[in-house]
Amino acid sequence: DTGVSQDPRHKITKRGQNVTFRCDPISEHNRLYWYRQTLGQGPEFLTYFQNEAQLEKSRLLSDRFSAERPKGSFSTLEIQRTEQGDSAMYLCASRRTGNTEAFFGQGTRLTVV
Amino acid sequence: DQQVKQNSPSLSVQEGRISILNCDYTNSMFDYFLWYKKYPAEGPTFLISISSIKDKNEDGRFTVFLNKSAKHLSLHIVPSQPGDSAVYFCAASDTQGAQKLVFGQGTRLTINP
């Protein structure tokens, strides 16, 4: 399977704990995105990498959130001191440069209890 | 500020008939538009896209129409099949910077036998 892969698929954590999600994009895609989707809404942009450089962050990405893409391959999204409002589906997508479609992973469903 | 709007939360269509899903946008910088289909607990799957230099793009049973002056696009599915039942998201991006996707809230399409 050469699609976008995300791990884990589901994560339940207690409030205040740290969590980390991983995304493996399609190998030839240099652009990688993180989105968050809550119930009844469309995905919302969080952050964007071109190769290993993080070039844009949404104001939705508070100081508790950090993302990395070492060596321009896989990416990680870490949430520190989780809050109940962080409960959502976290989606990773990758695409080539230019007007091309973005391919999404299956997402990580985070539940903070 | 909702830059991409899907004003119909749900749509019910009889199998074999045409399904028409609508989307409006406000940002005149958007020049690339996409439709995604989403099943529960999965990531969005790309369906079809259109560049702002075109007003129509067709792929099998799916056709997307773009009316730039009205800032409106629509997705036509004909004939509709039971497997088309899903949530459909309209998304838009511009060619500057991150080319991040801005999504609408989604329309839940139900195809009735």
Side-chain angles (χ1 to χ4, degrees), chain A residues 1 3-10 21 23-26 29-51 53-61 88-111, chain B residues 1-10 21 23-25 27 29-54 57 59 62 64 66 75 86-108:
Chain A
D1 188 332
V4 178
S5 176
Q6 290 188 247
D7 183 70
R9 292 289 307 277
H10 304 275
F21 310 141
C23 171
D24 287 272
I26 294 171
H29 289 180
N30 60 342
R31 294 186 170 214
L32 186 147
Y33 303 80
W34 285 97
Y35 291 83
R36 181 172 69 186
Q37 184 178 19
T38 53
L39 201 61
Q41 300 296 317
E44 293 177 290
F45 169 77
L46 291 178
T47 190
Y48 152 67
F49 290 85
Q50 179 155 324
N51 300 313
Q54 186 175 20
L55 297 184
E56 187 169 335
K57 292 193 288 188
S58 163
R59 65 179 188 277
L60 293 175
L61 216 64
M89 172 78 87
Y90 289 84
L91 294 161
C92 176
S94 70
R95 71 196 292 191
R96 294 189 193 92
T97 302
N99 275 346
T100 60
E101 64 268 29
F103 292 86
F104 282 81
Q106 292 186 300
T108 295
R109 165 80 56 196
L110 173 66
T111 302
Chain B
D1 177 25
Q2 191 74 31
Q3 298 185 69
V4 178
K5 293 182 182 179
Q6 294 175 256
N7 291 317
S8 298
S10 62
L21 296 96
C23 177
D24 297 293
Y25 62 95
N27 190 339
M29 297 299 292
F30 289 148
D31 58 5
Y32 187 58
F33 304 89
L34 309 91
W35 284 93
Y36 284 83
K37 175 180 179 180
K38 189 177 184 301
Y39 294 116
E42 293 187 8
T45 302
F46 170 75
L47 275 177
I48 192 169
S49 63
I50 187 167
S51 166
S52 61
I53 62 174
K54 295 185 175 182
N57 189 26
D59 184 2
F62 302 93
V64 55
L66 175 62
L75 174 68
V87 178
Y88 288 77
F89 290 98
C90 166
S93 73
D94 64 50
T95 53
Q96 304 302 314
Q99 295 182 310
K100 58 184 177 285
L101 297 178
V102 180
F103 284 84
Q105 308 97 309
T107 296
R108 180 176 299 280

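FYI, side chains are in, hydrogens and waters are out, and symmetry mates aren't considered; it's all heavy atoms of this structure. Convention: sequence-line order gives letters A, B, ...; per-chain numbering from 1.
- With a 4.5 Å cut-off on side-chain heavy atoms, A:Phe103 and A:His29 count as touching.
- Judged by the 6.0 Å and 45° rule, B:Lys100 forms no cation-pi pair with A:Tyr48.
- The greatest number of non-hydrogen atom pairs below 4.5 Å with chain B, out of A:His10, A:Arg31, A:Arg109, is found for A:Arg31.
- Between B:Phe33 and B:Tyr25 the shortest side-chain heavy-atom distance falls below 4.5 Å.
- Looking at A:Leu91, the atoms closer than 4.5 Å to chain B (heavy atoms on both sides) all sit in the side chain, from C-beta outward.
- You'll find the side chain of A:Val4 reaches within 4.5 Å of the side chain of A:Cys23, heavy atoms only.
- Proximity to chain A is limited to the side chain of B:Ser93, based on heavy atoms less than 4.5 angstrom apart.
- Only the side chain of A:Tyr35 comes within less than 4.5 Å of a heavy atom in chain B; its backbone stays farther off.
- Taking CE of A:Met89 as the start and OG1 of A:Thr111 as the end, the distance is 10.0 Å to the nearest 0.5 Å.
- The aromatic rings of B:Phe103 and A:Phe104 lie perpendicular to each other, with more than 60° between the two planes, well past the 30° mark.
- Looking at A:Thr100, only its backbone comes within 4.5 Å of chain B, counting heavy atoms on both sides.
- Heavy atoms of A:Glu101 lying under 4.5 Å from chain B belong to its backbone as well as its side chain.
- Chain A forms the most heavy-atom pairs under 4.5 Å with one residue out of B:Val4, B:Leu101, B:Asp31, B:Val87, and that residue is B:Leu101.
- Proximity of A:Pro8 to A:Phe21: side-chain heavy atoms (C-beta onward) are separated by under 4.5 Å at one or more points.
- If you tally non-hydrogen atom pairs under 4.5 Å between each of A:Pro43, A:Gly107, A:Gly105 and chain B, the highest count goes to A:Pro43.
- Looking at A:Gln37, only its side chain comes within 4.5 Å of chain B, counting heavy atoms on both sides.
- Only the side chain of B:Leu34 has a heavy atom closer than 4.5 Å to any heavy atom of chain A.
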